[in-house]
S.K.: 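The structure is given below, and queries will be raised subsequently.
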Amino acid sequence: MSRILKKLEEWNSNKLISDEQLVHIQNYESNQPKVRWGQLSLLILGIATIVLGVIAIVASNWENIPAGLKLIGGFAVLIIAGSAIVIRRNDSPTIKDSLIAFFSLFCFAMIGLIAQIYNLQGDGYKTGLLWSAMTLMILTYARHIFVPLLWSCVFGFSLLSACYSWPPLKQVLAEPSSFFIYSLTLVVLCINRVLAPSPIRKSLTYYTVAMWLGLLCLSSFNSSISTSTNELVLYAPQYALSLLLGIVLWSDSAFKKAEKIALTSGLIVSNILVFISANDSISDIPTIALSIYCLLVWAFFFFSRGYASVYNFVLILVGFKIFEIYTRTMVDLLQTGMGLILTGLAAILLVFAWTKNRKKIETLLQGLIK
């Protein structure tokens, strides 16, 4: 809020807005419900502590409690918590998000309770995916990004574990990490088309972009096998998923034509990247070059969307990938030193060229986007 007020005062002093407009905006912002991180964190911590205390008390007499009573008590708590969310839906975002956090965490506890009573066995990723499916819709009511971001992390980690651990996928996938990122992207595109704008959409999108950038920077989809002609079939599920992802992308009206073309080319290049990174006979340089292209695709996309800070961050990642080329190719200190000097000079020249021609470049990019 203080940053907004400072900007408003600056605009008012430069005659960009009138005194009357300044007062109206300040009154509007001051009457908006506020989410305070400190209060929200302490409330969630307090709720979690109470839940743990109740669990400890119940656990001390666990064997003496009938299974039916355990289930009735657990579902009663869920019903009360869900009702409270509906009843208090117009309250402050802090109270509402705290109730949503309690409901979501207690769903985890209920999954464990049912599994214990009925002696159900399963991998951890199955629990995570089940919990994600159970709590997705309730999290669309969250006002703050804190709880949805927690959901995104649990869902993403569970999906990644499934790609590496689920036997049907484990036996047929050449590269689970790339299959994971394609699956996650497909989920995000579908959720964004179904759900209205909300913190859960935003947090899941942020998480997916972070996963893409992370994989590209870690050079990017290194496969655990070496390819040969008879192993190409291992890439069939990934290519089929890529085709489905491309179809969903092109059918989504939320993307501009230039964005669709750029993202499609990045998807094709990332598939090539997966294949050649598994081939021991190909050097690291093509892999890094393709990673740089994929990062530039993301940079173009963020520029098109108006995310200037993320766009600049991706360009910094491109710089690090270029630096990686030297670390992989230089064989002695003299060559490394000369390469670093040339790279530094090139970076400085690029900065000067960018500063001088920024308007022209941005105008050119805007022309491509339209």
Side-chain angles (χ1 to χ4, degrees), residues 40-41 44-45 47-48 51-52 97 100-116 120-140 142 144-192 194-195 198-224 237-238 241-242 244-245 270 274 277 294 298 310 313 317:
L40 182 60
S41 301
I44 293 176
L45 178 62
I47 290 170
V51 171
L52 289 174
D97 281 22
I100 291 174
F102 172 80
F103 181 89
S104 302
L105 293 174
F106 203 83
C107 283
F108 247 137
M110 283 301 297
I111 293 172
L113 174 62
I114 294 171
Q116 184 197 45
L120 302 177
Q121 302 294 326
D123 297 313
Y125 69 84
K126 294 179 181 178
T127 303
L129 291 175
L130 175 61
W131 175 81
S132 300
M134 289 172 58
T135 56
L136 173 60
M137 295 309 298
I138 194 68
L139 285 175
T140 59
H144 201 267
I145 202 170
F146 177 78
V147 181
L149 193 57
L150 172 64
W151 183 95
S152 300
C153 292
V154 173
F155 172 72
F157 181 77
S158 301
L159 184 61
L160 178 61
S161 299
C163 291
Y164 276 94
S165 305
W166 190 39
L169 287 179
K170 187 177 181 180
Q171 295 171 6
V172 301
L173 290 183
E175 180 38 55
S177 61
S178 57
F179 190 85
F180 154 72
I181 195 65
Y182 296 156
S183 302
L184 185 62
T185 306
L186 184 61
V187 170
V188 170
L189 289 177
C190 293
I191 286 179
N192 285 354
V194 173
L195 299 181
S198 59
I200 186 65
R201 272 185 48 172
K202 186 185 297 184
S203 63
L204 190 55
T205 302
Y206 288 166
Y207 181 84
T208 304
V209 171
M211 290 296 100
W212 266 104
L213 297 180
L215 283 173
L216 289 170
C217 286
L218 291 174
S219 211
S220 308
F221 315 113
N222 285 327
S223 178
S224 57
Q238 176 181 306
L241 184 60
S242 300
L244 179 60
L245 183 57
S270 67
V274 171
S277 63
C294 291
W298 278 110
V310 188
F313 174 72
L317 295 181

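Scope of the values below: all heavy atoms of this structure, side chains included, with no hydrogens, waters or symmetry mates.
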S.K.: Looking at every heavy atom in both L139 and P148, which two are closest together, and how far apart are they?
M.R.: O-CG, 4.4 Å

S.K.: Rounded to the nearest 0.5 Å, what's the gap from CD1 on I200 to OG1 on T135? Could you check?
M.R.: 7.5 Å

S.K.: Distance check, rounded to the nearest 0.5 Å: L136 atom CG versus F155 atom CZ?
M.R.: 8.5 Å

S.K.: Without swapping roles, check the side chain of S161 against the backbone of Y125 for a donor-acceptor pair under 3.5 Å.
M.R.: no

S.K.: Do the side-chain N and O atoms of S104 and W151 include a donor-acceptor pair separated by under 3.5 angstrom?
M.R.: no

S.K.: Using every non-hydrogen atom in the two residues, find where S242 and Y182 come nearest and quote the distance to one decimal.
M.R.: OG-CE1, 3.4 Å

S.K.: Show the nearest heavy-atom pair for residues L159 and S183, with the distance to one decimal.
M.R.: CD2-CB, 4.1 Å

S.K.: When you compare the side chain of V209 with that of W298, does any pair of heavy atoms fall below 4.5 Å?
M.R.: yes

S.K.: Taking all non-hydrogen atoms of both residues into account, name the closest pair between M134 and I111 and its distance.
M.R.: SD-CD1, 3.8 Å

S.K.: Could you tell me the separation between the CZ atom of F108 and the OG1 atom of T127, rounded to the nearest 0.5 Å?
M.R.: 7.0 Å

S.K.: Taking all non-hydrogen atoms of both residues, which atom of L241 and which atom of L186 are closest, and how far apart?
M.R.: CD1-CD2, 3.8 Å

S.K.: Evaluate the side-chain proximity of Y206 to S152: yes if any heavy-atom separation is below 4.5 Å, no if none is.
M.R.: no

S.K.: So, taking the atom named CZ in F179 and the one named OH in Y164, what distance separates them when rounded to the nearest 0.5 Å?
M.R.: 12.5 Å

S.K.: Hey, could you give me the SG/CG distance between C163 and L184, rounded to the nearest 0.5 Å?
M.R.: 9.5 Å

S.K.: What is the distance from atom CD1 of I181 to atom CH2 of W212, rounded to the nearest 0.5 Å?
M.R.: 6.0 Å

S.K.: Given side chains that start at C-beta, do those of M211 and L160 come closer than 4.5 Å, heavy atoms only?
M.R.: no

S.K.: Identify the two heavy atoms, one from L195 and one from R201, that lie closest to each other, and give their separation to 0.1 Å.
M.R.: O-NH1, 2.8 Å

S.K.: Report yes if the side chains of S158 and W131 come closer than 4.5 Å at any heavy-atom pair, otherwise no.
M.R.: no

